[in-house]
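Before I ask anything, let me first share the structure, which is written out below as structure tokens.
This one's a predicted model, so the numbers in the text were calculated from it and none came from an experiment. First the proteins, then the strands, lettered A, B, ... as listed; each starts at 1.
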Amino acid sequence: MNEYKRISPSKRFLINIVLVIIFIVVGTLLTGGDSLSRASRALILQIGIYVILAVSLNIATGYLGQLPLGHAGFMAVGAYSAALFWKATLNMPTPVSIVLGLIIAGLIAAVFGIIIGIPALRLKGDYLAIITLGFGEIIRIAIINLSGITGGTPGLLNVPKYSSFLVVFLCVAATIAAIHFIMHSRHGRAILSIRENEIAADSCGVNLTYYKVLAFAMSAFFAGIAGALYAGFQGSLFPKSFDFMASINILVMVVLGGMGSMLGSVIAATVLTALPLVLQALAAYRMVIYSILLIIVMIFKPSGLLGRYDFSLPGLIEKWMNRKNKPGKEVANE
Amino acid sequence: MVFLQQLINGLQLGSIYALIALGYSMVYGIILLLNFAHGDIIMVGGYIVLLIIAAGISPAVAIAACIIGCIVLACVIEKVAYTPLRSAPRISLLITAIGVSFFLENVAQLLWGADPRVFPATRIIPATSYQIGRLTISLTTIVTLVVAIAAMVVLMLLVQKSKMGKAMRAVSEDMGAAQLMGINLNRIITFTFAVGACLAAIGAILYCCKYPQVKPTTGYILGIKAFVAAVLGGIGSIPGAVLGGIAIGLAEVAVNALGYSTWTDAVVFVILIIVLLVKPTGFMGASMNEKV
């Protein structure tokens with residue numbers, strides 16, 4: 001009688017798809033018309049881009065348990081690849097060009113992720129952090145110096161502005177869905193096991209090299225896509241946008257939201273992107289506040305504000321369906 | 001002759017890196033923390049000297065204030081930010097260190113602005129230079145080399161001969177066992193931070209005399225390079241840090257001399273990556289006895 005009612009996986013999937021469609025319709029209506037100001041429309045796109053960045057860094061930080069400090073480097077690789085591709089294919093049909101550009105940006109960034117991941121594997125913790133920091137800086141210095149291709153310090157200008165709400169939102173939804181499915185597959189569990197205990201995972205037959213590189217490549221892939229969207233949003237790229245500060249910015253989002261929590265990353269990315277615009281008076285103190293928050297959170301709640309909690313709408317509905325047979329009530333009925 | 005001139009430049013820069021690398025290496029040797037804030041302590045030291053001299057007080061006072069200020073700052077950071085996390089996962093400690101580094105950089109920017117300020121280098125070391133054959137050696141170079149060597153000798157004596165140094169070596173060897181032997185862990189760790197900060201303050205003054213300007217991000221790249229030097233030499237090893245610092249200094253000067261000065265920072269990181277791939281323990285990292 002009192003067994004826990006469950007929603008079948010196919011229905012769960014359907015609920016989520018419906019949710020995504022509602023979001024797209026509402027979002028397109030809101031951003032398409034004149035109901036929102038230019039600034040708020042730009043903010044929505046920015047939030048989307050930062051959500052992808054935070055969620056992608058969360059793969060390496062939250063799920064794999066490493067601390068890469070060069071995430072902006074992957075973003076830069078994606079941004080410049082996509083921008084150069086889009087500039088070269090202006091006469092291609094726009095949707096084809098957008099999709100190809102995003103994929104190319106992701107793949108090139110993933111290749112960089114693998115290149116960085118393989119040497120980084122020999123190292124742990126701090127060494128890995130510093131080597132990724134080094135790679136991030138190398139990428140930025142290379143962009144400045146290879147000015148023939150990348151435009152150097154004056155910047156790469158006149159990138160077609162392809163990042164509409166639909167494009168950004170679809171990328172956000174696809175990224176979150178892809179990471180969710182991967183993390184709930186056996187590959188995802190292998191990555192989690194490395195975080196929990198590397199030696200134990202190794203002795204249970206988890207291929208450490210393979211899964212670490214996989215996590216790194218995934219993290220870089222999505223960061224590359226976010227970079228591409230950033231290029232299509234800004235319309236111009238400057239090496240300065242991808243410095244160490246930018247990497248730390250993304251790290252703050254992941255750490256505050258909760259390392260290993262997708263919802264945490266999404267909320268933190270949203271709040272921290274929107275906050276500076278809302279509290280413009282505090283703009284000068286923003287980075288000081290961030291750094292204090294970082295230290296305080298680490299001292300009092302090292303797993304981040306949401307820890308590893310994650311949200312699912314079907315899960316919530318399940319709870320609601322089962323509200324009548326709570327364990328406590330069961331005992332009372334008997 | 002050009003080669004010799006560049007060699008001297010490289011040694012000068014390298015000995016500054018070595019002084020700073022020692023601070024990283026000692027702290028890492030004891031609590032396995034990559035102290036990101038170490039570089040920013042250098043920046044604060046630079047500002048202290050600059051502001052005191054700008055206020056018209058004598059340079060000697062400024063230097064003393066710089067050293068004391070850096071030591072106090074390092075100890076406060078250690079007590080406030082690192083002590084509560086001593087048993088926490090390493091990643092939390094590292095994120096905290098980044099937070100502290102970021103905090104110092106941004107507070108400096110709020111207080112003193114983002115633009116570089118001119119450092120009164122000639123008030124500390126007069127801008128005289130000596131001609132030996134066709135070599136030109138500035139007084140700054142000589143002072144840097146002498147001070148750096150003296151500081152390293154004092155440090156060596158401190159670590160090898162004094163009771164405190166013995167305790168430091170014991171803690172880095174085995175923290176638990178050292179505590180059982182009656183060594184006061186908190187005191188040793190604070191002392192290590194203080195020694196590292198003292199060296200950093202000396203490094204800060206010498207560095208600012210060579211490149212006479214200070215800005216909030218001065219410490220960041222300098223700190224990273226010094227850390228690379230510490231890793232190159234073998235982290236936790238004092239002679240290693242010195243060797244690594246000089247190697248990085250020479251490499252940097254060589255790259256500049258070859259005309260690729262915009263690539264200098266990238267070359268430093270490439271060296272780091274190659275070292276970590278080929279010999280992750282660095283030059284001297286293998287010999288555990290050398291650890292501090």
Which bit of B/Leu93 comes within less than 4.5 Å of chain A, counting heavy atoms only: side chain, backbone, both or neither?
neither
Given a strict heavy-atom distance threshold of 4.5 Å, which part of A/Leu69 is in contact with chain B: side chain, backbone, both, or neither?
side chain
Taking B/Ile95, B/Leu34, B/Leu110 one by one, which has the highest count of heavy-atom pairs under 4.5 Å against chain A?
B/Ile95
Residue pair A/Ile130 / B/Val228, side-chain heavy-atom distance below 4.5 Å
no
Are the side chains of A/Leu133 and B/Phe227 in contact, using a 4.5 Å heavy-atom criterion?
no
Nearest 0.5 angstrom please: A/Leu67 CG to B/Ile98 CD1, how far?
5.0 Å
Residues that B/Tyr220 engages under ring pair (Phe, Tyr, Trp, His ring centres under 6.0 Å), provided they are two or more places apart:
A/Phe244
Can you check whether anything in residues 255-270 of chain A gets within less than 4.5 Å of chain B, heavy-atom wise, and list it by number?
A/Val255, A/Met259
Measure the spacing between CD1 of A/Ile144 and OG1 of B/Thr262 and express it to the nearest 0.5 Å.
8.5 Å
Side chain, backbone, both or neither: which part of B/Val80 has a non-hydrogen atom closer than 4.5 Å to chain A?
backbone
Give a yes or no on this: more than 12 heavy atoms of other residues, nucleotides or ligands lie within 6.0 Å of atom NZ of A/Lys301.
yes
For the student: nearest non-hydrogen atoms of A/Ile131 and B/Leu272, plus distance:
CA-CD2, 4.5 Å
Flag yes if more than 12 heavy atoms outside B/Phe103 fall under 6.0 Å of its CZ atom; otherwise flag no.
no
Tell me whether the count of non-hydrogen atoms from other residues, nucleotides or ligands lying under 6.0 Å of CZ in B/Arg86 goes above 12.
yes
For A/Phe112, does the CZ atom have more than 12 heavy-atom neighbours from other residues, nucleotides or ligands under 6.0 Å away?
no
Contact origin within B/Glu105 toward chain A - heavy atom pairs under 4.5 Å
side chain
I need the minimum non-hydrogen distance between B/Ala266 and A/Ile141, along with the two atoms involved.
N-CD1, 3.4 Å
Could you tell me which non-hydrogen atom of A/Ser291 sits nearest to which non-hydrogen atom of B/Phe102, and how far apart they are?
CB-CB, 3.9 Å
Got a second to check how far A/Ile295's CD1 is from B/Ser92's OG, nearest 0.5 Å?
13.0 Å
Which atom of B/Thr96 lies closest to which atom of A/Met298, heavy atoms considered
OG1-CB, 3.3 Å
Return the minimal non-hydrogen interatomic distance between A/Ile299 and B/Pro84, and the atom names on each side.
CG2-CB, 3.9 Å
How close do A/Gly65 and B/Ile91 get, counting heavy atoms only, and between which atoms?
O-CD1, 3.9 Å
Separation of A/Met245 CE from B/Asn106 CG (nearest 0.5 Å)
5.0 Å
Proximity breakdown for B/Ile273 and chain A, heavy-atom pairs closer than 4.5 Å
both
For the CD1 atom on A/Ile199, are there more than 12 heavy atoms of other groups (residues, nucleotides or ligands in this structure) within a distance under 6.0 Å?
no
